[in-house]
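Notes for the one structure printed next.
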Amino acid sequence: MAISTPEAPSAEHADVAPPAPSGAGAPNGFELPEFHRDLVEQVRTFADEVVAPAAYEYDTKRELPYDILAQMGEMGLFGLPVPPEYGGTGRDYLALCLAVEQLARADQSIAVTLEAGVGLGMVPILRFGTEEQKRRWLPELASGQALAGFGLTEADAGSDAGGTKTTAELVDGEWVINGSKQYITNSGSKITTLITVTAVTGQSVRADGSVKKELSTILVPSGTPGLTVLPPYDKVGWHTSDTHPLVLEDVRVPEANLLGERGRGFANFLTVLDEGRVAFAALCAGAAQGCLEEATRYAKERVVFGRPIGENQSIAFKLARMKARVHTARLAYLDAAVKVDRGHPFKVEASIAKMVGSEAAMDNARDAAQVLGGTGYMNESPVARHYRDSKVLELGEGSTEVQLGIIARSLGFDAL
C-alpha cells in the first residue's frame, strides 16, 4: 500500500479540483491527476478500515496509536512533500492535504498528528535547514518512525510572537536556552526526536526608544539535558493527539543547531504557519465531511412515524447546508494548496481556507449531533468525537480572529 515516488508530480499538475463531495476521490467538475486520485482512494480506504475502527478505543485510552502511525509511515504519508533524497516520496503539498482530509473524516487526532508532524515538524527544516540538518533529521521523520514538534506558543506569546520570553544565549559555541512553551503537538510521544524552539537571541533599540526582539529558531533534540516534557494536557478533544507543555532550563545545544539565519525566526515561522494552515484547512474539510457522512447515513436508516427522518424537509435541508459547507471548505483549501505548489502568494487564501474550514467543521458537528439526537451524544459515536474535537479547529494554528485580521489587512484595513 506504499505510495511510490512519482516521475514528475509538479506544479504543472496543479490544475485540479476536489474529490467528489462524497469524499470518494472521484473528480468533481475538474480532474484530479491520476496519482492524486489514487492517493485519495488509498488513504480513504485506510481511514475506513484501520483508523475508524480503532478511534474510539484510543480516544478513550487517550493514547497515540503507534501501530497506526507505523502503517502510515509504511504508506509514505509522512514523507509526501519531502524530496526522495531526504527519504520522502517527492509528492506536492496538495497530496499531503488530500491525505490529511481523508484521515480527518475518521479521526481528527490521527490527521493532526500527520499534519503537524509534516507541517510543523519537517517543513521548517525542509524550508530553512542546512544540507547537514536536512540529511540528519528528515529521513527518519519522513519514514514515520519519528515525530518532531514546533515550540512556538508560550503563556504570553502565540498570536503575538513579540511576547516570546524564551531566550537563547550563545556561550562558547553553544546555545543556552531558558524558557517554557505550551500546547506543543507531537512534543512528548515515545517517538518524538526533535523540537524546533523559537527564542529571543538578542535585541535592539528602535529610534523611538522601544525594544525590538531578535527571534531565532533552534533545533533541540529530545532528551537534551534541561528539556523537561511535562505531563500531557487534559483536553476537551483530540484525546489521541500528543500535546504537552515544555520547560527549558539551561538547555545546551551546538551553535550549528540554529535553524535558518539568526534573527529570521519571526519571518520564518510566519511562513511555516501560513503553509501549515493550508493542510490544517484540509483537516477541517475532512472533519466536516465526516460529520456529513454520519448524519446522511443516519437520516436514511432512522425511521420515525413510518419513514426515514431524512425525508423530513427540516432534516434534508440541514444536510444540504452541511454538504454546501463541505464543498466550500474543500474548494478553499484546494485553491490555497495549488498556490503553494505553484509558488504563488497564498497567505490570504490560507487564512480564508482555515477560517471557512474550521467554521464548517464546527457547524457540521453541531448539526450532525442534532440529526443523530441521543445517538450522537454518546462518545462511541464519531459525531460526538467530532463535536468535541472541532472546537479547537477555530483556535489552533491561528484563531478565527487572527485569520480575519489577515484578511482585513489584504483589504487595506489594519484592524486590531
Side-chain donor-acceptor contact under 3.5 Å, T198 with K181: yes
T224 side chain to V220 backbone, donor-acceptor under 3.5 Å: no
Derivation and outcome, salt bridge (charged side-chain N to carboxylate O under 4.0 Å, His left out), residues R321 and D363: CA-CA 10 Å; R321 288 188 180 278; D363 289 344; over 6 Å; no
4.5 Å side-chain heavy-atom contact, E275 and R127: yes
Greater than 12 external heavy atoms within 6.0 Å of E131's CD: yes
Main-chain N/O of L258 paired with Q133 side-chain donor or acceptor, under 3.5 Å: yes
Short side-chain donor-acceptor distance under 3.5 Å, Q182 and T153: no
Value rounded to 0.5 Å, distance of CG in L147 from CG in L69: 6.5 Å
Side chain to side chain, F35 and R91, heavy atoms closer than 4.5 Å: yes
Chi angles and distances behind the side chain to side chain donor-acceptor pair (under 3.5 Å) call for S216, T201: CA-CA 6 Å; S216 304; T201 52; 2.8 Å; yes
Sidechain-backbone polar pair: N178 side chain, D250 backbone, donor-acceptor under 3.5 Å: yes
Note, E174 side chain near D172 side chain (heavy atom, < 4.5 Å): no
Stepwise salt bridge (charged side-chain N to carboxylate O under 4.0 Å, His left out) check, R297 with E294: CA-CA 5 Å; R297 177 193 58 77; E294 286 296 315; 3.1 Å; yes
Donor-acceptor under 3.5 Å (N268 side chain, P124 main chain): no
Residues, nucleotides or ligands: over 12 heavy atoms within 6.0 Å of Y93 OH: yes
Validation row: V371, K318 side chains within 4.5 angstrom (heavy atoms): yes
Residues R366, E359; criterion salt bridge (charged side-chain N to carboxylate O under 4.0 Å, His left out); working and verdict: CA-CA 11 Å; R366 182 182 60 250; E359 292 181 346; over 6 Å; no
Side chain proximity check, Q102 to E41, heavy atoms < 4.5 angstrom: no
Any donor-acceptor N/O pair, T228 side chain to L230 backbone, under 3.5 Å: no
Point-to-point distance, once rounded to the nearest 0.5 Å, from CZ of R136 to CD1 of I125: 9.5 Å
Under 3.5 Å side-chain donor-acceptor pair for T164 and K213: no
Worked verdict on E140 versus T193 for side chain to side chain donor-acceptor pair (under 3.5 Å): CA-CA 9 Å; E140 188 178 25; T193 61; 4.5 Å; no
Short side-chain to backbone donor-acceptor contact, H239 and K235, under 3.5 Å: yes
Exercise: identify the closest heavy-atom pair between E154 and T166: OE2-OG1, 2.7 Å
Minimal non-hydrogen separation, G129 against K134, with atom names: O-CE, 3.3 Å
Atom CZ of R62 with >12 non-hydrogen neighbours under 6.0 angstrom: yes
Step-by-step salt bridge (charged side-chain N to carboxylate O under 4.0 Å, His left out) determination, K354 to E397: CA-CA 9 Å; K354 198 273 180 182; E397 297 214 22; over 6 Å; no
Rounded distance (nearest 0.5 Å) linking atom CG of L77 with atom CD1 of I110: 11.0 Å
Backbone N/O of L292 and side chain of N364: donor-acceptor pair under 3.5 Å: no
Any donor-acceptor pair under 3.5 Å from S241 side chain to W238 backbone: no
Within 6.0 angstrom of Y377 OH, more than 12 heavy atoms from elsewhere: no
Close side-chain approach of I195 and L227, heavy atoms under 4.5 Å: yes
K61, NZ: over 12 other non-hydrogen atoms inside 6.0 angstrom: yes
Non-hydrogen side-chain atoms of Q108 and L393 separated by less than 4.5 Å: yes
Neighbour count above 12 (heavy atom, 6.0 Å) for Q370 CD: no
Whether S189 side chain and N186 backbone form a donor-acceptor pair below 3.5 Å: no
Gap separating the CD1 atom of I407 from the NZ atom of K347, nearest 0.5 angstrom: 11.0 Å
From CA spacing to verdict: side-chain contact (heavy atoms from CB on, under 4.5 Å), L215, F269: CA-CA 10 Å; L215 293 180; F269 71 63; 4.2 Å; yes
CD/E169: more than 12 non-hydrogen atoms of other groups inside 6.0 Å: no
Cationic N near anionic O, under 4.0 Å, D59 to R385: no
Y183 and Y233 aromatic ring geometry - parallel, tilted or perpendicular at 30°/60° bounds: tilted
Close side-chain approach of R135 and Y86, heavy atoms under 4.5 Å: yes
Donor on one side chain, acceptor on other, H36 and D38, under 3.5 Å: no
Backbone N/O of T192 and side chain of S222: donor-acceptor pair under 3.5 Å: yes
Point-to-point distance, once rounded to the nearest 0.5 Å, from OG of S109 to CG of L114: 13.0 Å
Spatial distance of atom CD (E115) from atom SG (C284) [nearest 0.5 Å]: 9.0 Å
